[in-house]
Amino acid sequence: MNMICVKWGTKYGPEYVDRLYHMVTKNVTKPFDFYCITDDSTGINQAIKIIPITDDFLESYWNKMRLFTPGSFKGKCFYLDLDTVIQSNIDCFLDYTDKFCGVYTYWNDIYTDGSYPYATLKYKTPFNSSILSWNAEEYYWLWDKFMTDPDWFIIKYYGDDKFLGNEIKEKTTFPREWIYSRLYGSGDNRPNDALTDNNFFQYIYFQPEKKICLFNGPTRTEHYDRYKRYWS
């Protein structure tokens, strides 16, 4: 099993990679190799296999497309965003399906067909790439297709989620009861708390019965306090 993350730029430091590696080690019983695709491996745990980014061709989340570079991986792959929090054993994710699989955003169940007036929402789908699983050899074509005109795809889709959600026709998503969003829950429940900071107000969710939390949305240091139990 290839367990993979991507770190590009300065938004996330090496501690996020090490933290994710520790959570995977604690919550996966199957044999795996842990990889980090990164432009800067400084400070990352030496047990993690580094795949260096040696060019400035892509920026930000578009570096996720490197997951599908032909020959980069072989066999079953499992990807996690650096800000995901693993709350309990995730072996079930690894066995769930052989199809390309991601997260369904029940909290934002929107499809658009390209006619939407705002560019960022023209090709919106509820497919989210914070967690992915796939068989490497079957999806090298994603990189090949992206590379036919990367600038056009970047402008068209405004995000790798929309690229994957629209270009992959045969795909599925993980069960709803396994995943929730810190910012949005799972679309069928009430928030646990409300945080206020001057003029900033945000409902947040904490659901320890679920397996993974997507730590999306505006964050401050104190937002992580209740999740630190999962890091140690």
Side-chain angles (χ1 to χ4, degrees), residues 1-91 93-94 101-103 128-136 139-140 142-143 146 159-161 164 174 179 181-182 211-232:
M1 174 65 67
N2 305 298
M3 307 293 292
I4 315 163
C5 66
V6 176
K7 184 181 87 70
W8 179 90
T10 59
K11 181 177 180 180
Y12 298 107
E15 68 276 12
Y16 281 84
V17 181
D18 293 351
R19 185 185 301 163
L20 183 62
Y21 172 67
H22 177 73
M23 288 188 288
V24 168
T25 301
K26 187 169 68 170
N27 292 292
V28 172
T29 65
K30 300 174 181 297
F32 66 85
D33 289 315
F34 194 98
Y35 295 87
C36 180
I37 300 173
T38 182
D39 61 339
D40 183 4
S41 62
T42 304
I44 294 176
N45 189 318
Q46 292 186 356
I48 296 169
K49 298 176 184 293
I50 300 298
I51 298 178
I53 297 173
T54 58
D55 58 63
D56 57 0
F57 169 57
L58 297 172
E59 295 185 354
S60 189
Y61 44 73
W62 283 106
N63 279 287
K64 283 188 189 179
M65 295 307 302
R66 298 179 190 273
L67 294 166
F68 311 109
T69 305
S72 55
F73 300 102
K74 296 183 184 300
K76 192 67 176 286
C77 297
F78 190 80
Y79 166 84
L80 289 158
D81 273 355
L82 289 176
D83 57 356
T84 52
V85 177
I86 303 174
Q87 299 184 166
S88 62
N89 183 279
I90 59 169
D91 285 346
F93 282 81
L94 311 185
C101 192
V103 178
N128 177 275
S129 64
S130 295
I131 310 169
L132 297 171
S133 71
W134 71 101
N135 289 310
Y139 291 95
Y140 292 157
L142 283 170
W143 176 260
F146 178 71
D160 63 287
D161 289 349
L164 298 174
F174 296 108
I179 303 168
S181 161
R182 183 195 68 92
K211 293 182 174 295
I212 295 181
C213 175
L214 307 185
F215 216 88
N216 49 2
T219 57
R220 302 192 302 274
T221 301
E222 62 268 26
H223 292 185
Y224 287 95
D225 286 347
R226 69 179 61 186
Y227 297 91
K228 290 179 180 177
R229 72 184 77 175
Y230 301 114
W231 301 342
S232 59

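Under the side-chain hydrogen bond (donor to acceptor under 3.5 Å, both in side chains) criterion, D40 pairs with T42, sequence neighbours left out. Y35 is linked by a side-chain hydrogen bond (donor to acceptor under 3.5 Å, both in side chains) to nothing, counting only residues two or more places apart in sequence or in another chain. Take S129 and apply the side-chain hydrogen bond (donor to acceptor under 3.5 Å, both in side chains) test, not counting sequence neighbours, and it matches K64, D160, D161. Considering only residues two or more places apart in sequence or on other chains, T29 meets the side-chain hydrogen bond (donor to acceptor under 3.5 Å, both in side chains) condition with D91. Residues passing the ring-ring contact (aromatic ring centres under 6.0 Å, His included) test with F146, sequence neighbours excluded: W62, F163. Residues passing the side chain to side chain contact (heavy atoms under 4.5 Å, CB included) test with S88, sequence neighbours excluded: K211. With sequence neighbours excluded, no residue satisfies ring-ring contact (aromatic ring centres under 6.0 Å, His included) with Y230. Annotation: side chain to side chain contact (heavy atoms under 4.5 Å, CB included) contacts of Y139 (sequence neighbours excluded): F68, F100, W134, W141, L142, I168.
Using modelled atom types, no side-chain atom of N27 and backbone atom of V24 make a donor-acceptor pair closer than 3.5 Å.
Put simply, the side chain of I131 reaches to within 4.5 Å of the side chain of L214, judged on heavy atoms.
Listed by first and then second residue, the salt bridge (Lys or Arg N to Asp or Glu O under 4.0 Å) pairs that reach into residues 2-13 come to none, sequence neighbours excluded. Listed by first and then second residue, the salt bridge (Lys or Arg N to Asp or Glu O under 4.0 Å) pairs involving residues 45-56 are D55-R66 (not counting sequence neighbours). Within the structure, every pair that satisfies the salt bridge (Lys or Arg N to Asp or Glu O under 4.0 Å) test and touches residues 12-32, not counting sequence neighbours, is listed here: K30-D95.
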Just distance, no hydrogens or angles: give the donor-acceptor pairs under 3.5 Å from side chains in residues 70-78, sequence neighbours left out.
from, atom 1, to, atom 2, distance (Å)
S72, OG, T69, O, 2.6
K76, NZ, L94, O, 2.9
K76, NZ, T97, O, 3.2

